[in-house]
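Source: prediction; values computed, not measured. Every chain is numbered from 1, with letters handed out A, B, ... down the list of sequences.
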Protein chains: 2
Amino acid sequence: MGARVTRKPADEQPVRRRTTLHDVAARAGVSAATVSRVLNGTYRVSAETQSRVRRAAEELDYVVNAQARSLVASSSGLVAVLVTDITAPFYNRIAKGLAEQVTAEGRVCILSTPQSGDLDGELATITTLRQQSPEAIVLVGGVHESPDYRKRIDGLAHSLDAEGSRLVLCGRPSPTKDTPATVVEYDGEAGAFAITSHLLSAGHERILFLGGGAGSTTTNPRVRGYRRALEAYGTTPDPALIAHGSSTRVFGYEEMTRILASGTPDFTAVFASDDLAASGVLAALRGHGLRVPDDISVVGFDDTPVALDTVPSLTTVHVPMEEIGRTAIQLALHRHEADFRNAQHAVLGTHITVRDSVRPLVHKRT
Amino acid sequence: MGARVTRKPADEQPVRRRTTLHDVAARAGVSAATVSRVLNGTYRVSAETQSRVRRAAEELDYVVNAQARSLVASSSGLVAVLVTDITAPFYNRIAKGLAEQVTAEGRVCILSTPQSGDLDGELATITTLRQQSPEAIVLVGGVHESPDYRKRIDGLAHSLDAEGSRLVLCGRPSPTKDTPATVVEYDGEAGAFAITSHLLSAGHERILFLGGGAGSTTTNPRVRGYRRALEAYGTTPDPALIAHGSSTRVFGYEEMTRILASGTPDFTAVFASDDLAASGVLAALRGHGLRVPDDISVVGFDDTPVALDTVPSLTTVHVPMEEIGRTAIQLALHRHEADFRNAQHAVLGTHITVRDSVRPLVHKRT
DNA sequence: CTGAAAGCGCTTACAG
DNA sequence: CTGAAAGCGCTTACAG
């Protein structure tokens, strides 16, 4: 292996040079300015000169230097995206929408995956990315909002604004009313309200809410929707039926197992904070010999692919993840246009997707 | 919504300027050169000057302009990654390893998600990325190798090499023996051999191989390993037991359904081309009233999270996805160092992960 | 239609 | 230890 021949002694990098505008100009017998004009198609240039230039560029395998260009263009053509976990279905679908729209807008996407929950680390990463002069910096996913967080993110938004760049929040609320940022959220509360109502109308009044970080901007609306639905139904939410932790398969499994071990369930349905947690809940119930939906109904949130692979398939709330990403880029990049100037805060709708994990309580087999 | 106040008339972008080295120099009362030296810590500078400069930089919220720096540095600090589908677990795990290692190496990651299977599109994307002067361009995942493909990728590798950049192939073989590229593969053939042998030793001799693009660099080694194992066992592989298509859940489901509809299965086990296809196969078998593993055994490939959510959980081949990504970046970025110069082609090992989807045929319940 | 020149924001020999 | 100056590769008024 590694039969590659190196042309230089140890640890020394071979000297290479990239083809430059002047190389093309020299070969075509014109000035650098002319080459630039031909390749950018900006000014009119005689047909003959054009073809000479294009041929020379092709022959020399010329590729423009984006760094040099953006130095003079005052716009880098770069958009930076921060996602904590690109392996999480919820995040990578948003990231897909972001990346595709960035490309569609003729920009290039920078990706960074900072440690989750580490505000200092995240801000340090952002500083590194700011060096690249991105036209926008996109933060993806919910957070635990502290006053410190709010202040610093608001400060960041103002810094970027002052540089002509833009802070974009994706699936995360604005830190303050006046933060100069593009914000694209989804209506988590409405989704939670709808799916809780779905359970209620199937006869489930004792519903365990399991998972999600207490106080996170992702979990809060879901719990609010859950509570509101119970209240609208005339039930008082029981604080004992809320078990926070995190939105992972492992947490769903372990917490559900712990709860089952502590006695007979005093609930007939579980509202998991997301599909991942739901898949853990399903595994725990199965391990405990409980059938879903016959013995207990379970719902998730997000409508990610795992909802199809669980047995039974999962009734869940659909979140338009790719659209969140696409919309965020559109709004941010076109924010100076009349149509978008006053539409810098979008809240996308959600809806229930009914599958096989809920059964009407009145029909329960015995 | 959108209460943001803009300060300029319609469609006009507010004029903004970023803090520059000279701004810092002016405020600190030193030359730009000195500011540069302080901030980079390259030369020695008096302690007092240092603190004056640092303070000025802080007060002005100065962030260095990476474009300007890389123009003179002859190294951009950028690494470009091309992944067709960032929502596929196999790819996004490799991408995670890549992104994290890029950061660990002090570089910034550019991400692009070109259309899969479209060679022209992929090459066009690469041209765009080349403009950014990346230190390396990473191509992730298998392809259908045609002579045309080989020639063009080899040409690309030489172009990048001539510019001092590097082509990196991740989970994809080198197009030619002498292509100047960094290649990190995994031993798919060994994994397929092992899991097929696992099935054989459980008494399964009629094994359906289902999924995967015929002739793709991902599928080929898996089929080779499957065949070799059968032959090593003294069985002649039956071409009728290979059903290619693609490696998706949908294909696994539809193809398995089609096969079941056409008569009694003449196989006792299914080797799906990957976990996604396997999850579709499981759903089809369940839909057909067949129990896994009691009636039919099923195995997957890759060891992605879905293997835990299927019922039963999936026996599969573990591929070190994140490590592939990390290794690729390490090898590429350190290729001029003595330790790595002759190690530009790595093949990482795979192993079986045994779960619940295989049952010894001799113990089959009736 | 085309070229010479200035300048984008940095870094780095070259002088002191 | 510090500054003036050149130059990285482009684009774009400014002249012709």
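Residues that satisfy the side chain to side chain donor-acceptor pair (under 3.5 Å) test with B:Glu48, not counting sequence neighbours, are B:Arg52. B:Arg55 is linked by a side chain to side chain donor-acceptor pair (under 3.5 Å) to nothing, counting only residues two or more places apart in sequence or in another chain. With sequence neighbours left out, the side chain to side chain donor-acceptor pair (under 3.5 Å) criterion links A:Glu135 to A:Ser75, A:Arg107. Residues meeting the ring-ring contact (aromatic ring centres under 6.0 Å, His included) test with A:His334, sequence neighbours left out: A:Phe340. For B:Ser31, the side chain to side chain donor-acceptor pair (under 3.5 Å) test picks out B:Thr34, with sequence neighbours left out. Qualifying salt bridge (Lys or Arg N to Asp or Glu O under 4.0 Å) partners for A:Arg130, counting only residues two or more places apart in sequence or in other chains: A:Glu163, B:Asp61. Qualifying side-chain contact (heavy atoms from CB on, under 4.5 Å) partners for A:Ala80, counting only residues two or more places apart in sequence or in other chains: A:Ile110, A:Leu129, A:Pro134, A:Ile137. Taking A:Asp23 as the reference, A:Arg17 meet the salt bridge (Lys or Arg N to Asp or Glu O under 4.0 Å) condition, with sequence neighbours excluded. The side-chain contact (heavy atoms from CB on, under 4.5 Å) search around A:Gln330 returns A:Gln101, A:Glu105, not counting sequence neighbours.
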**OP:** For DNA chain D, just give me the dot-bracket, please: Watson-Crick or G-U, both distances below 3.5 Å, ( ) intra-strand, [ ] crossing earlier pairs, | paired with another strand, . unpaired.
**Re:** |||.||||||||.|||
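Within residues 124-134 of chain A, no residue places a heavy atom under 4.0 Å from DNA chain C.
Under 4.0 angstrom from either OP1 or OP2 of D:dT2 there lies no side-chain N or O belonging to B:Thr34. Between B:Thr49 and D:dT2 there is a side-chain polar atom (N or O) within less than 4.0 angstrom of OP1 or OP2.
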Output one line per pair: protein atom, nucleotide atom from nucleotides 4-9 of chain D, and distance, for all N/O pairs under 3.5 Å.
residue : atom : partner : partner atom : Å
D:dG9   : N2   : A:Ala68 : O            : 3.2

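The only member of B:Arg166, B:Arg335, B:Gln344 that meets side chain to side chain contact (heavy atoms under 4.5 Å, CB included) when paired with B:Pro180 is B:Arg166.
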